[in-house]
Amino acid sequence: MPDPNGFLRYDRRLPARRPVPVRIMDWREVYPPAGEELIREQATRCMDCGIPFCHDGCPLGNRIPDWNDLVRTGGWDAAVESLHATNNFPEFTGRLCPAPCEAACVLGLGGQQPVTIKQVEVEIADAAVARGGLRPQPVPAPTGRSVAVVGSGPAGLAAAQQLARAGHAVTVYERDDALGGLLRYGIPDFKLEKRHIDRRLAQLAAEGVRFRTGVNVGVDVTAEELRAEHDAVLLACGALQGRDTPETPGRALRGVHQAMAHLVAANRVVAAAGEGRPALATLPDGTPIDAAGKHVVIIGGGDTAADCLGVAHRQGTAGVHQLDLYPEPPADRDAARDPWPTWPWVLRSYPAHEEGGERVFAVAVQEFVDDGTGQVRAVRIAEVTVEKVDGRRIVTALPGSEREIPADLVLLAIGFEGTEDQPLLAQFGVTRNGRGAVDARPDWQAGADGVFVAGDMHRGASLIVWAIAEGRAAAAAIHAYLGGVGTLPAPVDPARQPLAAR
Ligand SMILES: Cc1cc2nc3c(=O)[nH]c(=O)nc-3n(C[C@H](O)[C@H](O)[C@H](O)COP(=O)(O)OP(=O)(O)OC[C@H]3O[C@@H](n4cnc5c(N)ncnc54)[C@H](O)[C@@H]3O)c2cc1C
Ligand code: SF4
């Protein structure tokens, strides 16, 4: 029986982040562990609601009140088991998820701060490692059926683990030189140290999953070859087509780049340093891309922009402006616009924002300004208003509001336009819809028979928690397609959307 007064006795508290001057000198994670006393106190705030709305906020259907109570009473082994029953990779979501479960927590309804669900999750996930490591699960006798998973992000890896644990022979194909999808070279180490990915990969390998890196499916191996070798194929290729702004004057100047180019280059340097190899942050063609000593302008307001900000600080930037088209959101939920338990539009500040830089809201870039040699020297911006008319976004510049911001390096973090247009699509008979995503039928198949799709490739650029949920659900569908015994858990269907006010 949970403590009914826990939330009255304890306020919401999180562990202190590492001090800014210390953490920007390295690439290690920003949060230290919470410590058992704090985390048991925080788990005590959970009311074990009759209708736990946190469940509805989480696409995985994590059994949040159950593991909160297990942590409260010190039942760590059972908490580890309960958490892994619904989530293959809680050490990823515990560190990185924006936590729609917390936005939906019933405590948020009564003017209280929600339970620190995400922090409890990461502490349980880390306890699993501390209490004996991520032991491989015993796998049943081989079914004799084999599955190819294309893409090694959280969607592909979750599906691979589920299918291997059902006895199928699974091979993950990844075109990059290392596994993990965006978690490997997209998301910086200060948010997720890569040892967490490597530890899980070792568990998957021990459960029988085979990995083939450096294989660009559709180019190095054709769909026909893959289908001849496997009984089913899951496409989990992400939504990596970065949005651009080709119409903005000066876009072709040197120093104006996609945000991902900056992040991948920086993360590769960190990875090389971890292996004792010196490396420089460069584009694939060898062009340097580094914020050291430079005035940086980041365009965009989401995860990608915040990650570029944290990287720029660690590289030794001379100063950063982060530009957002929209006005500054309110600090608290506007209940008329986003009633509880939906995801609210509020000002989200990431740890990178504590580290420096200036956020500028309600502005749009009018021009990337040339220094006379073809290199960007400034960004000319104007204050703007943004309206939605018939579903279209109308951006209006306020006359006389233009000004220049110095810029040696400009990073476009303005979103993604779906999955990349690549040879694999036509080979597997799948097409991109108007959003650049690939539609799935209710059984997660897309295109040719036996071809399935999941994660960002299906949903469009989204979140890790959705990628894992879709990977698990697609694995259940593949298991059924292969005539597997029993059923695997399917937390979502292809039409499932986040909680929204109707
Ligand atoms: C910079 C950044 C920061 C983010 N931060 C967060 C965060 O803090 N929290 C959060 O929840 N979400 C975050 N996200 C979103 C999250 O990373 C994605 O939603 C998630 O990784 C999607 O998983 P996925 O498995 O569908 O695809 P991905 O992780 O994109 O993986 C797709 C993989 O497919 C591979 N691939 C593509 N084509 C082929 C091919 N032809 N052959 C072989 N392999 C192929 C790619 O190389 C890639 O490795 C962030 C995204 C970005 C870009
Ligand atoms: S909604 Fe909040 S208080 Fe209720 S069970 Fe979930 S975490 Fe606990």
Side-chain angles (χ1 to χ4, degrees), residues 2 6-7 43 45-58 62-69 92-93 95-102 104-109 112 114-117 120 149-159 172-188 191-192 212-221 226 235-240 242 259-260 262-264 267 302-308 311 341 350 413 415-416 419-420 422-425 427 453-468 470-471:
F7 70 96
R45 296 185 70 240
C46 175
M47 302 183 289
D48 191 10
C49 302
I51 301 176
F53 276 86
C54 52
H55 279 196
D56 297 295
C58 176
N62 278 344
R63 300 169 186 171
I64 295 163
D66 293 9
W67 37 260
N68 275 337
D69 199 46
F92 303 163
T93 44
R95 283 177 170 77
L96 297 169
C97 191
C101 55
E102 292 188 14
C105 173
V106 175
L107 277 182
L109 184 58
Q112 290 272 341
V115 174
T116 57
I117 300 169
V120 177
V149 174
V150 185
S152 67
L157 292 180
V172 176
Y173 295 84
E174 169 57 57
R175 69 181 173 194
D176 225 327
D177 62 354
L179 300 157
L182 279 172
L183 277 54
R184 177 66 64 177
Y185 293 130
I187 294 177
K191 277 172 60 177
L192 180 81
R212 290 190 56 194
T213 52
V215 180
N216 189 349
V217 174
V219 177
D220 301 323
V221 51
L226 217 61
L235 302 177
C237 300
L240 300 166
M260 284 303 292
H262 176 234
L263 291 174
V264 171
N267 291 333
D303 275 323
T304 309
D307 290 355
C308 288
V311 167
Y350 298 78
F416 294 87
T419 203
E420 293 155 278
Q422 52 169 319
L424 150 156
L425 299 182
Q427 290 180 20
V453 65
D456 277 8
M457 187 174 188
H458 160 254
R459 179 162 288 276
S462 179
L463 298 174
I464 293 161
V465 69
W466 278 100
I468 298 173
E470 291 210 355

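Because only heavy atoms are used, hydrogens play no part in the values below, and waters and symmetry mates are left out as well, while side chains stay in. Atoms within a ligand are numbered from 1 in the order they appear, just like the ligands themselves.
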Nearest-contact summary for atom 1 (S) of ligand 2 - protein heavy atom, Å: Val106 N, 3.2 Å
N, O or S atom of Cys101 closer to atom 6 (Fe) of ligand 2 than 2.8 Å: no
Under 3.5 Å: donor-acceptor pair, side chain of Asp456, backbone of Ser462: yes
Contacting atoms of ligand 1, where contact means under 4.0 angstrom from a heavy atom of Ile187: 3 (C), 4 (C), 5 (N), 6 (C), 17 (O)
Spacing of CG belonging to Leu240 relative to CE belonging to Met260, to within rounding of 0.5 Å: 6.5 Å
Heavy atom of Gly218, distance to ligand 1 below 4.0 Å: no
Proximal candidate to atom 3 (C) of ligand 1 [heavy atom criterion; set Thr93, Asp307, Leu226]: Asp307
Any donor-acceptor N/O pair, Thr419 side chain to Gly238 backbone, under 3.5 Å: yes
Proximal atoms of ligand 1 relative to Gly238 (non-hydrogen, under 4.0 Å): 27 (O), 30 (O), 32 (C)
Ligand 1 N/O within reach of Ser152 N/O, cut-off under 3.5 Å: no
Proximity of Ala236 to ligand 1 by residue part, where a heavy atom lies under 4.0 Å: backbone
Any Ile117 side-chain heavy atom under 4.5 Å of Cys54 side chain: yes
Part of Glu420 with heavy atoms under 4.0 Å of ligand 1, whether side chain, backbone, both or neither: neither
Val150 N/O under 3.5 Å from ligand 1 N/O: no
Worked verdict on Leu425 versus Met457 for side chain to side chain contact (heavy atoms under 4.5 Å, CB included): CA-CA 11 Å; Leu425 299 182; Met457 187 174 188; 3.6 Å; yes
Within reach of ligand 1, part of Leu424 (heavy-atom separation under 4.0 Å): side chain
Those atoms of ligand 1 less than 4.0 Å from some heavy atom in Gly455: 26 (O)
Region of Val219 that comes within reach of ligand 1 [heavy atoms, distance under 4.0 Å]: neither
Sub-4.0 Å heavy-atom contact, Met260 with ligand 1: yes
Proximity of Leu240 to ligand 1 by residue part, where a heavy atom lies under 4.0 Å: side chain
Polar proximity ligand 1 side, Ala239 side, N/O cut 3.5 Å exclusive: no
Atom 5 (S) of ligand 2 - nearest protein heavy atom and its distance: Cys49 N, 3.4 Å
Any donor-acceptor N/O pair, Asp69 side chain to Pro65 backbone, under 3.5 Å: no
Identity and distance of the protein heavy atom lying nearest atom 11 (O) of ligand 1: Ile464 N, 3.0 Å
Heavy atom of the protein closest to atom 29 (O) of ligand 1 (residue, atom name, distance): Leu182 N, 3.0 Å
Asp307 versus Tyr350, side-chain donor and acceptor atoms under 3.5 Å: no
Protein contact to atom 25 (O) of ligand 1 [nearest heavy atom, distance to 0.1 Å]: Ala155 N, 3.0 Å
Closest contact, heavy atoms only, Ile468 versus Pro154: CG1-CB, 3.9 Å
Phe53 versus Ala104, closest heavy-atom pair with distance: CB-O, 3.2 Å
Which residue and heavy atom of the protein sit nearest atom 8 (Fe) of ligand 2, plus the separation: Cys46 SG, 2.4 Å
Mode of Cys237 contact toward ligand 1 - side chain, backbone, both, neither (heavy atoms, under 4.0 Å): both
N or O contact, Ala467 vs ligand 1, cut-off under 3.5 Å: no
Which of the ligand 2 atoms, numbered from 1, are nearer than 4.0 Å to a heavy atom of Pro65: 5 (S)
Where Ser152 and Gly180 come nearest, the two heavy atoms and their spacing: OG-N, 3.0 Å
Cys105 N/O/S atom closer than 2.8 Å to atom 2 (Fe) of ligand 2: yes
Check: Val106 and Pro52 side chains under 4.5 Å, non-hydrogen atoms: no
Contact atoms of ligand 1, heavy-atom distance to Thr304 under 4.0 Å: 1 (C), 2 (C), 52 (C), 53 (C)
Ligand-residue contact atoms, ligand 1 with Asn216, heavy atoms, under 4.0 Å: 40 (C), 41 (N), 42 (N)
Phe416: numbered ligand 1 atoms lying under 4.0 Å from its heavy atoms: 53 (C)
Under-4.0 Å heavy-atom contact with ligand 1, by part of Glu470 that carries it: neither
Distance (rounded to the nearest 0.5 Å) between Asp303 CG and Ile464 CD1: 8.0 Å
Nearest candidate to atom 21 (O) of ligand 1, where distance is taken over non-hydrogen atoms, out of Pro154, Gly181, Gly153: Pro154
Enumerated ligand 1 atoms positioned under 4.0 Å from heavy atoms of Val215: 42 (N), 43 (C)
Cys105 side, atom SG; His55 side, atom NE2 - distance, nearest 0.5 Å: 11.0 Å
Protein residue, atom and distance nearest to atom 6 (Fe) of ligand 2, heavy-atom basis: Cys54 SG, 2.4 Å
Proximal atoms of ligand 1 relative to Leu463 (non-hydrogen, under 4.0 Å): 10 (C), 11 (O), 12 (N), 19 (O)
Thr213 and Asp177, any side-chain heavy atoms less than 4.5 Å apart: no
For atom 3 (S) of ligand 2, closest protein heavy-atom neighbour: Met47 N, 3.4 Å
Gln422 side chain to Leu424 backbone, donor-acceptor under 3.5 Å: no
Donor-acceptor under 3.5 Å (Asn267 side chain, Gly186 main chain): yes
Closest contact, heavy atoms only, Ala239 versus Phe416: O-CD2, 3.3 Å
The one among Gln427, Arg175, His458, Met457 that brings a heavy atom closest to atom 43 (C) of ligand 1: Arg175
Shortest non-hydrogen contact between Arg45 and Leu107, atoms and distance: O-CD1, 3.7 Å
Nearest-contact summary for atom 5 (N) of ligand 1 - protein heavy atom, Å: Lys191 NZ, 3.2 Å
Nearest-option assignment for atom 35 (C) of ligand 1, heavy atoms, candidates Glu174, His262, Arg212: Glu174
Main-chain N/O of Ala454 paired to Glu470 side chain as donor or acceptor, under 3.5 Å: no
Contact atoms of ligand 2, heavy-atom distance to Ile117 under 4.0 Å: 7 (S)
Closest contact, heavy atoms only, Ile64 versus Cys101: CD1-CB, 3.7 Å
Check: Glu102 side chain, Pro114 main-chain N or O, donor-acceptor pair, under 3.5 Å: no
